[in-house]
Amino acid sequence: MKRALTGKESPSKKIKVCDEEEEDEEETSIAAEFSHPLPWGKIEAEGLDLDYAQLFSKDEADRLFKQLEEEVEYFTGEKAQVKVFGKLYSVPRKQATYGEPGLMYSFSGVHLLARPWTPTLEHIRNTVTSATGRSFNFVLVNRYKDGHDHMGEHRDDEKELDPGCPIASVSLGAARDFVFRHRDARGAKQRRHIEPVKLELAHGSLLLMNQPTNTYWYHSLPARKRILTPRINLTFRLIICQGRKEPKPSQ
DNA sequence: CTCAAGGCACGGTG
DNA sequence: TCACCGTGCCTTGA
């Protein structure tokens, strides 16, 4: 069953979309492989549109997590640094990018070239595609070694992303809180009162961020000091074909 | 002109 | 209690 949820219904309260009727059969993985009959939950607010589902059973998610721990190679050195307010920082997590050959993803002054798909990443991508009917040519892997690792508030508004395709976020490992905040309800000049939308991303879950969510809502993965185990997050994206760079008019 | 995938200081809270 | 959490701010280049 689905639940329509908005932030204002339960101010400052974490939304639990995780199905309370825990899955019991191994049907979960079989269903995921063949079609859509996943029990999707819908989360909506002004300008926000999310779909949430349990994509993998615990056993399968455990197996995938272990495989990724062996397969994924994370960036180090300057590829693991970003520039914010003019200063260079090491990102408080580990990152990797995989996808079709030649694809590049850039943000905050870093340019990350996609490595070729690993067997496990390709398998997960196929499962996500079966469940959503969407194609993806790229995945950003974020590994949070414990609750100290986190990601600050941002939007995935990169120009190279296909605006018509949702971003599909697969979570494996430790469950972590995830927070959305409307752009007009941030900072000192809060133009409007819009409650943040908070949810917990469970082991083996899939979250779809549909349009126009990334236009109006920032999201973050806040630090949670009491969490001592790692989480791997995969955000599958559709990157627009690399057109030739526009000729610069001047300079 | 706007705004930022970072850290830090600070005050409320359980 | 005091560790943790949420918020505002930083201040420079894109």
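Labels below follow one simple rule: chain letters A, B, ... track the order of the sequence lines, proteins then strands, and each chain is numbered from 1. Below, all heavy atoms of this structure are taken into account, side chains as well, without hydrogens, waters or symmetry copies.
Put simply, CG on Asp177(A) is 13 Å from C1' on dG6(C), counting in whole angstrom units. If you take CZ of Phe85(A) and C1' of dG13(C), they are 11 Å apart, rounded to a whole angstrom. A straight line from OH of Tyr89(A) to C1' of dC8(B) spans 9 Å, rounded to a whole angstrom. Note: CZ (Phe107(A)) to P (dG6(B)) measures 8 Å, nearest angstrom. If you measure from atom CD of Glu153(A) to atom P of dG7(B), you get 14 Å, rounded to the nearest angstrom.
In this structure, Arg93(A) is not positioned above the aromatic face of Tyr74(A) in the sense of NZ or CZ being under 6.0 Å from the six-membered ring centre and within 45° of the axis.
The aromatic rings of His203(A) and Phe65(A) sit perpendicular, their planes meeting at an angle over 60°, well past the 30° parallel limit. Ring orientation note: the planes of Phe180(A) and Trp217(A) are nearly perpendicular, at an angle over 60° on the 30°/60° scale.
Residue His150(A) has a polar side-chain atom (N or O) positioned under 4.0 Å from OP1 or OP2 of dG7(B). The phosphate of dA4(B) (OP1 or OP2) has no side-chain N or O of Arg183(A) nearer than 4.0 angstrom. Taking only side-chain nitrogens and oxygens, Arg224(A) comes nearer than 4.0 Å to OP1 or OP2 of dG6(C). Distances shorter than 4.0 Å separate some side-chain N or O of Arg155(A) from OP1 or OP2 on dA4(B). Residue Arg226(A) has a polar side-chain atom (N or O) positioned under 4.0 Å from OP1 or OP2 of dC5(C).
In secondary-structure terms, DNA chain C builds stems of at least 3 consecutive Watson-Crick or G-U pairs, each pair having both distances under 3.5 Å, at B:2-4 with C:12-14, B:6-14 with C:2-10.
Counted within 6.0 Å of CZ on Phe75(A), heavy atoms from surrounding residues, nucleotides or ligands total more than 12; the atom is thus considered enclosed.
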Derivation and outcome, salt bridge (charged side-chain N to carboxylate O under 4.0 Å, His left out), residues Glu69(A) and Lys66(A)
CA-CA 5 Å; Glu69(A) 287 287 67; Lys66(A) 280 178 197 159; over 6 Å; no
Working for salt bridge (charged side-chain N to carboxylate O under 4.0 Å, His left out), residues Arg231(A) and Glu200(A):
CA-CA 12 Å; Arg231(A) 166 177 184 262; Glu200(A) 183 177 77; over 6 Å; no
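Remark on DNA chain C: of its neighbouring residues Lys87(A) and Ala223(A), the 5'-side contact belongs to Ala223(A), judged by nearest-heavy-atom nucleotide.
Tyr218(A) comes within 4.0 angstrom of sugar-phosphate atoms only, judged by non-hydrogen atoms across all strands, and of no base.
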